[in-house]
2 protein chains.
Amino acid sequence: MNQLEDSHKGMRENIISTATEVFSRYGFKKTSMEDIARALRMGKSSIYYYFKGKEEIFQAVVDREADLLRVKVKEILDSAQPVTEKLRTYVKMRMDLIKQLSNYMEILKNDDLMNLELTEKFRKKYDDEEITIVRQILEEGTNKGELKVKDLNLSALAIVTAMKGLEIPLVSSTMGVESLNMVIDDMLDILFFGIVKR
Amino acid sequence: MNQLEDSHKGMRENIISTATEVFSRYGFKKTSMEDIARALRMGKSSIYYYFKGKEEIFQAVVDREADLLRVKVKEILDSAQPVTEKLRTYVKMRMDLIKQLSNYMEILKNDDLMNLELTEKFRKKYDDEEITIVRQILEEGTNKGELKVKDLNLSALAIVTAMKGLEIPLVSSTMGVESLNMVIDDMLDILFFGIVKR
DNA sequence: ATTCGACCAAAAATCTAAAACGTTCCAAAA
DNA sequence: TTTTGGAACGTTTTAGATTTTTGGTCGAAT
């Protein structure tokens, strides 16, 4: 029974891997179950033995990407860097991911707005998580005496919000990678030291 | 000839006023030239005597709103407040405007994405202007010794970018006005004083 | 100088039949 | 029992042909 369960999970992984490739090629909507089935060399109805439907597959794909991200985030959080560097590393990594995802989901290229809904749906799931991560960093910095933050929750929200502003030129590819990095660095300098003279 | 020019300009103003009402009611795409003409009680072809076309009317409408805004901005800039307060006032005013405009253009309610393109098109026109305004404030603060900014241009860009992050929950009305104001205040505190202890 | 009805090409809305789609069912294979 | 795929179902999407609406032009009338 263990073997059976394992092969079941193995097949799920197999499907997720293949689906990831197909989704990243055609986007969510343009990918049909037949596309996935063909790539797997199975009948499409077989997929329904392992997944409830198309959205569940996509959810699984996104979840796996998120898991990979969580590992990286944990590495950063557990590292011995000063918190300012942790934050810097985290922000840059996050921006790389967003850029990747925006290509991946083809938010812009696709005509339909279903994608916007879907994007929002999945984003909401990770919004709170992101605020938590930033707050954790801020908390650590406060405890170590490196930072001085008035309200942890609000500050984390403010930082995440500011990062979202950076997404806009990134996703619409108005901004090159070089100038984006400059803006990030400047934003973080302001974030760390403020602009008021004292 | 002066009279004629005046009446010409007067009629243009008349059209702009009426068009503003109709546009704010139906949005850009859903209002037809006939709608505007009917509201003006004219034949629609008469409008073309004063304006080149629909987009020019809309442009004029937006420009007039922008002019009203510029007056307010000038008041703030010329006031005797400390620059930190100027910035605070400016940011809050800007957010009010965005909220107004997002209702006005009905970015969300409308199904089509033409509106997104159009919004972007008009936004680009004022993006540089906004960065200039913020940079002006930063410059004044630096000259008066109130602020200490490394790179004026980059910092202005960073601040404007962060403000755009705030637009997202504002436009999609995910965030109430109260909590928005808290986030703004917190963002500005961070902006002014940073989060690094010293 | 100003207004407007008639007109045009292009775009948008409307309709319909066929194709494609996600999903279910079931019998057969493993 | 687990796994598979062919057939079938109801729904959504698509394509094409048709009609309506729209933004814009023109020339005549005032």
**Geometric cation-pi criterion, B:K54 with B:F28: 6.0 Å, 45°** =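 Pair B:K54/B:F28 counts as cation-pi.
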**Asked** From D:dG23, C:dG22, C:dT2, pick the nucleotide closest to the side chain of A:K54?
**Response**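 Closest nucleotide to the A:K54 side chain: C:dG22.
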**Asked** What's the closest nucleotide to the A:S46 side chain, out of C:dT2, C:dT23, D:dT4?
**Response**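 For the A:S46 side chain, the nearest candidate turns out to be D:dT4.
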Provide, to the nearest angstrom, the distance between the [atom1] atom belonging to [X] and the [atom2] atom belonging to [N].
X     : N      : atom1 : atom2 : result
A:I47 : D:dT2  : CD1   : C1'   : 17 Å
A:Y49 : C:dA28 : OH    : P     : 19 Å
A:E56 : C:dG22 : CD    : P     : 15 Å
B:Y26 : D:dG23 : OH    : P     : 14 Å
A:E55 : C:dC21 : CD    : C1'   : 15 Å
A:E34 : C:dA19 : CD    : C1'   : 12 Å
A:Y48 : C:dT23 : OH    : P     : 4 Å
B:L40 : C:dC4  : CG    : C1'   : 14 Å

Donor-acceptor pair under 3.5 Å, [X] side chain vs [N] base:
X     : N      : result
A:S32 : C:dG22 : no
B:K44 : D:dG23 : yes
B:S45 : D:dG24 : no

**Sidechain N-carboxylate O distance under 4.0 Å for B:R88, B:D189** =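 Result for this pair is yes, salt bridge flagged.
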**Request:** Would you mind checking if B:E75 and B:K72 are paired as a salt bridge, meaning a charged N to carboxylate O distance below 4.0 Å?
**Result:**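 Not counted as a salt bridge, because no side-chain N and carboxylate O are separated by less than 4.0 Å.
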**Asked** B:Y50 side chain N/O closer than 4.0 Å to the phosphate oxygens (OP1, OP2) of C:dT3?
**Response**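 Answer yes for this pair, as a side-chain N or O of B:Y50 is under 4.0 Å from OP1 or OP2.
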**Message:** Please classify the nucleic acid contact of B:F51 as base, sugar-phosphate, or nothing, using heavy-atom distances under 4.0 Å.
**Reply:**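 No contact.
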**Asked** What pair of heavy atoms forms the shortest contact from B:D151 to B:N153, and how long is it?
**Response**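 Minimum heavy-atom separation between B:D151 and B:N153: OD1-N, 3.0 Å.
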**Asked** Looking just at side-chain N and O atoms, do A:S17 and A:N14 make a donor-acceptor pair shorter than 3.5 Å?
**Response**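 Result is no, nothing qualifies.
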